[in-house]
Amino acid sequence: MKFNTKTIHGGQHDIDPAYGSVMPPIYQTSTYSQSTPGGHKGFEYSRSGNPTRAALERALASIENGKHGLAFASGLAAIDAVIKLLKPGDEVISTSDLYGGTYRLFTKIFEGFGIKFHFIGMENATKIADYVNGKTKLIWVETPTNPMMNIIDIKAAAKAARDTGVLLAVDNTFATPYLQQPLDLGADIVMHSATKYLGGHSDVVMGALVVNDDALAEKLYFIQNASGAVCGPQDSFLVLRGLKTLHIRMQRHCENGEKIAKFLLHHPKIENVYWPGLEDHPNHTIAKDQMNDFGGMISFVTKGNDYDEAIRIVENLKVFTLAESLGGVESLAGHPASMTHASIPKEEREKTGVVDALIRLSVGIEDVDDLINDLKQAIG
Ligand SMILES: *Cc1c(COP(=O)(O)O)cnc(C)c1O
C-alpha cells in the first residue's frame, strides 16, 4: 500500500466483526468480562490494552513503515517510556536545539536518576561519534528542530548508532511520516507528539512510538503497561480520525508553507527566514534528500531584532492565533523568547538563534491569501 492509502486503511481491515462498522467503536471500558480466570477475548484491562487504542496503534505502525505502534497519554509520556529503557550510569547523546519539554524531562527528571545527557549540535552528524563511549545507550534526534528548523541527517546518525551498537530514536513530530520515515532511514525508534500533525485538529494531547524490532517492542510495551501513561479510547478515536486526512492536510501545509516562506523572504522588513525548503537554508541539501517536502513550520526575524516589535506583530495577527503548539488545521503564531523558550537564559537561547525578534509560525490549511494578507497587515 502507498502512504496515501495507508493513512486511511493501514491496520484497519475487519475492524468490527460484530456489525462491520467502518470506524472502530470507542470501547469506553476499563475492563473486559472473562469466561474463566484468564479466559478473555484478547483484552483484560484497558491500561494493558484497549481495542480502540489497538486500532490506532496498528495505524501508527503502518504509516511509519514499522511493525509495532504504541500510543501514550502525551508526547512526553512516550519519550519518558524510551528513557526508561536505560539504567543509572547510561549516557544519551541528544540534539541541542530540542523541544523545551524534552530538555526539561531529560535534565530535571532523568539526570536525577543518574542518566547523563550530552546536548550537541548535530547539523554535522559526524560529530556524534566523538561523544560515543562504552556507556552510551541512545542517540536522540529531533529534525527539523524547534524553532530554528535545522535539519539533521538521519542516515548519518543511524550509521553512527549502528557502528557503535547504540539505539537511535527520532522525534518525527515536525515532519510526520508524510515528509520523512526515520525507520526506513535506519532509526530504531520513531517518536511523535500526536498532539500536533497526527491528530491535526488541536483537540487532543497524545504521544506515540513506532519500532520494528520485536524485542524492543516487547520492552517498550512492558514499560507502557508498567508505568501506565496510556491514552484513553476517545482520544485514540480522535487521532485515528485525524490520521485519515494526514496526507491531504500535509500537502496543503507544505504548499501554504512555501508561499509564506517566499513572501517573508521578499518582505523589506524581514531579516531572516528559517524554512528548510529555501535554497539558502544551511541544511537544504539534506532536507531535499531525506524529506518529501518541507512542511508548514517557519520561523523568521524582523530587521533590527526588536523584542517589542515582535510582540506587536504577534498581537496584531487576526487569522493566525497567538498560541503554543503546532500542527493543527488552523494557523498559529508564537514568540519563542517570551513563550516556549522564556525559561532559557537570553545568552543561552541566543547561541542557538532564538533571538528577541524570532517569530515561529505553524502554517495551517486556510486560504493562503488570507494568511499572507494577515501577515502583511501585522508586520506593517
Ligand atoms: C509538543 C512536542 C513534544 C511533546 O509532546 P506533548 O504531546 O506536548 O507531550 C515533543 N516533541 C516535539 C517536537 C513537540 O513539538
Side-chain angles (χ1 to χ4, degrees), residues 53 56 60 64 69-84 92 94-110 117 119 122 138-152 154 169-180 182 187 189-210 224 227-232 235-236 238-239 242-243 246 250 253 257 274 276 291 295-299 323-328 332-334 336 339-341 343-344 352 354 360-364:
R53 191 178 97 213
L56 170 68
L60 291 165
E64 281 288 4
L70 299 110
F72 293 83
S74 69
L76 285 174
I79 301 172
D80 180 85
V82 174
I83 306 302
K84 283 177 177 160
V92 179
S94 166
T95 312
S96 55
D97 185 10
L98 195 67
Y99 176 72
T102 309
Y103 181 79
R104 182 177 57 197
L105 177 65
F106 288 175
T107 56
K108 299 278 197 261
I109 305 281
F110 284 110
F117 294 86
F119 296 97
M122 291 185 179
L138 176 71
I139 298 171
W140 186 270
V141 165
E142 189 179 311
T143 181
T145 66
N146 174 29
M148 298 312 297
M149 310 301 153
N150 289 313
I151 303 294
I152 293 156
I154 298 173
V170 176
D171 182 337
N172 206 24
T173 301
F174 269 40
T176 83
Y178 177 84
L179 295 182
Q180 78 193 3
I189 303 172
V190 176
M191 174 262 152
H192 277 281
S193 169
T195 312
K196 317 293 169 55
Y197 286 106
L198 300 189
H201 295 74
S202 308
D203 52 8
V204 65
V205 172
M206 193 189 286
L209 300 175
V210 180
Q224 183 195 36
S227 284
V230 294
C231 52
D235 287 354
S236 299
L238 284 174
V239 171
L243 287 186
L246 177 66
M250 286 307 293
H253 283 298
Y274 303 97
M291 298 170 77
M297 296 301 299
I298 303 172
S299 293
E324 310 261 354
S325 199
L326 60 113
L332 303 181
M339 295 166 72
T340 46
H341 292 62
S343 58
I344 306 172
T352 58
V354 184
R360 191 191 77 177
L361 303 178
S362 170
V363 176

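For ligands, and for the atoms within them, numbers begin at 1 and follow the listed sequence. Residues take their numbers from the sequence shown, with the count starting at 1.
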Which atoms from ligand 1 have a heavy atom of Glu142 less than 4.0 Å away?
13 (C)
Considering the heavy atoms of Asp171, write down every atom of ligand 1 situated less than 4.0 Å from one of them.
10 (C), 11 (N), 12 (C), 13 (C)
Geometric cation-pi criterion Lys84 and Phe72, 6.0 Å radius, 45° cone
no
Only one of Met297, Lys196, Glu324 passes side chain to side chain contact (heavy atoms under 4.5 Å, CB included) with Ser362; say which it is.
Met297
Nearest heavy atom to atom 1 (C) of ligand 1, choosing from Met206, Met297, Lys196, belongs to Lys196
Nearest heavy atom to atom 5 (O) of ligand 1 wins, so pick from Ser193, Gly207, Pro147.
Ser193
Among all protein heavy atoms in this structure, tell me which lies nearest to atom 4 (C) of ligand 1, with the distance rounded to 0.1 Å.
Tyr99 CE2, 3.4 Å
Tyr197/His253 aromatic ring centres below 6.0 Å
yes
Nearest 0.5 Å, please: how far is OG in Ser74 from CG in Asp235?
11.0 Å
So, is Gly75 polar-close to ligand 1, with some N/O to N/O distance under 3.5 Å?
yes
Ligand 1 N/O within reach of Leu76 N/O, cut-off under 3.5 Å
yes
Short question: side chain of Thr107, backbone of Tyr103 - any donor-acceptor pair under 3.5 Å?
yes
Mind telling me whether Phe106 and Trp140 have parallel, tilted or perpendicular rings, with 30° and 60° as the class edges?
perpendicular
